[in-house]
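Here's the structure, in structure tokens; my notes come after.
Indexing begins at 1, ligand by ligand and atom by atom, following the structure's order. Computed from a prediction, not measured in an experiment: that's the story for all the values here.
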Amino acid sequence: MTIVVLLALSMAAAAMTMTVVAAASFSIELIHRDSPKSPFFNQSATSLDRSRAAIYRSAHEARRIAARVQRKGGIELFDAVSRVVPDSFEYLMELRVGTPPFSILAVADTGSDLIWANCVPCTKCYKQTAPYFDPRKSSSYRTLPCNSNLCKALPHGPCADVSTCEYHYAYQDGSTIDGVLATEDLTFYSSAGSRLVFSNIAFGCNSQSSGVFSSRTAGLAGLSASPVSLVSQIVPSLDKKYFSYCLVPMSDTQASSKVIFGSAGVVVGSKVTTLMTVEDSLFALRLTEIIVDGAGSVPVPTSAPGLKKGNIIIDSCTTLNYLPTGVLSSLVQQVSRVVSLPKATDPDRILPLCFKVTGEPDWQKLPFITFKFAGEASVRLSPKSMFMEDAYQVVCLAVADSGFDTPIFGNVAQQNLHVGYDLDIPAVSFASADCTKL
Ligand SMILES: *[C@@H]1O[C@H](CO)[C@@H](O)[C@H](O)[C@H]1NC(C)=O
């Protein structure tokens, strides 16, 4: 692993343009909401409780993917759909913002663009247990004018005030945030303990926030492909425009998942690679067919709602897979053909195919399922990656109907896969991995 410490040169006032950038790789821990490191950890919840809650959250969270940052002054693009979904995220990450670094426990969200935190005075913000970020106490905080490129990267609207870049962000669940766009230093630590400082990172400082945010979180880290996301802003200064993650199975609450940025994250060994497109700030792939071991293949239509080139988005923050109605019904048929276990029903009616199981040996009666992406990239998924416990002695196929929304390759399917995003090609690689050891 190459680790070179960055020197952040914070020049005074207007001359805050360049940082000394050196080759670097580093990783960030993804804290699963149900792990003991998370403030949401619930000691009395069983693995079935966690699995079932994740299915329920996912059924609502998928809809949030459409939420986007919007610059103030424009037409309000989003009529907030009232949908009460408290805390419907899967992962948290710690961000260290400003000088000196101030620690913020942020929701990791691949469906969002911006990195934001509630900022002092925040008189109209949701209550949080941790203190608010105070920009006056950070020597690297600079507000951005409305004509700056980063401000222009937010969806258009005329400047209400040229000296500041105000944003309004409406989630589809009805939550909203308002604030000003600034730049800040973000500090990360390599696994060897070196300090890496990234300067002039666009950062939203909320003056207002309301809705279903949890008091136990203090901000959000947008991990989409938009120019203002954490990923897009950090990757260009690395030794390689690359990041990868490896998600430990949900049943393992002790080990941590991580995101690795730069060359140290490159997926090696026996891997498959498929081309990727960035569409509407999301990472899209082309799924050609789904093959059920011992049964037939299910072809996948080339077009999908919301996408022009790909037909499915790959998302680490949505639990379930979402497939078009026709594909899902064929998949259900194929799986039903090879599974001899008695059928059961999902009590929440989210998942269409469930079976009664009496213990571990029954899992071996469930098939491996292969997702075949363009370029003959076959990702063979074990039953543990394609089925989830949903009730006492009930397991269900972890696929729901995408209906009129964009299909999603979700995070249960990506457990114990090392998934790498090469942003230069751009392409995604997959390799089987024990994520607890990576
Ligand atoms: C913790 O989990 C138990 C068992 O599922 C549940 O009854 C309880 O409400 C949970 N507590 C919190 C604070 O979520």
- line: In F102, F133, Y167, the residue satisfying ring-ring contact (aromatic ring centres under 6.0 Å, His included) with F203 is F133
statement: Applying side chain to side chain contact (heavy atoms under 4.5 Å, CB included) to A400 and not counting sequence neighbours gives L320, Y322, I350, L351
query: Ion pair present between K356 and D362, side-chain N to carboxylate O less than 4.0 angstrom?
result: no
Let me have the donor-acceptor pairs involving side chains of residues 381-390, under 3.5 Å, with sequence neighbours excluded, atom names and distances please.
residue, atom, partner, partner atom, Å
S382, OG, K384, N, 3.4
K384, NZ, E360, OE2, 2.8
E389, OE1, S47, OG, 3.4

task: Kindly state each residue pair satisfying ring-ring contact (aromatic ring centres under 6.0 Å, His included) with at least one member in residues 341-373, sequence neighbours excluded.
output: F371-F409, F373-F409, F373-F430
message: In this structure, is the centre-to-centre distance between the rings of Y421 and Y242 below 6.0 Å?
response: no
Report every pair formed by an N or O atom of ligand 1 and a protein N or O atom separated by less than 3.5 Å, giving atom names and the distance to 0.1 Å.
residue, atom, partner, partner atom, Å
ligand 1, 2 (O), N42, OD1, 3.4
ligand 1, 2 (O), N42, ND2, 2.4
ligand 1, 5 (O), D49, OD2, 2.8
ligand 1, 11 (N), N42, ND2, 2.8
ligand 1, 14 (O), N42, ND2, 3.4

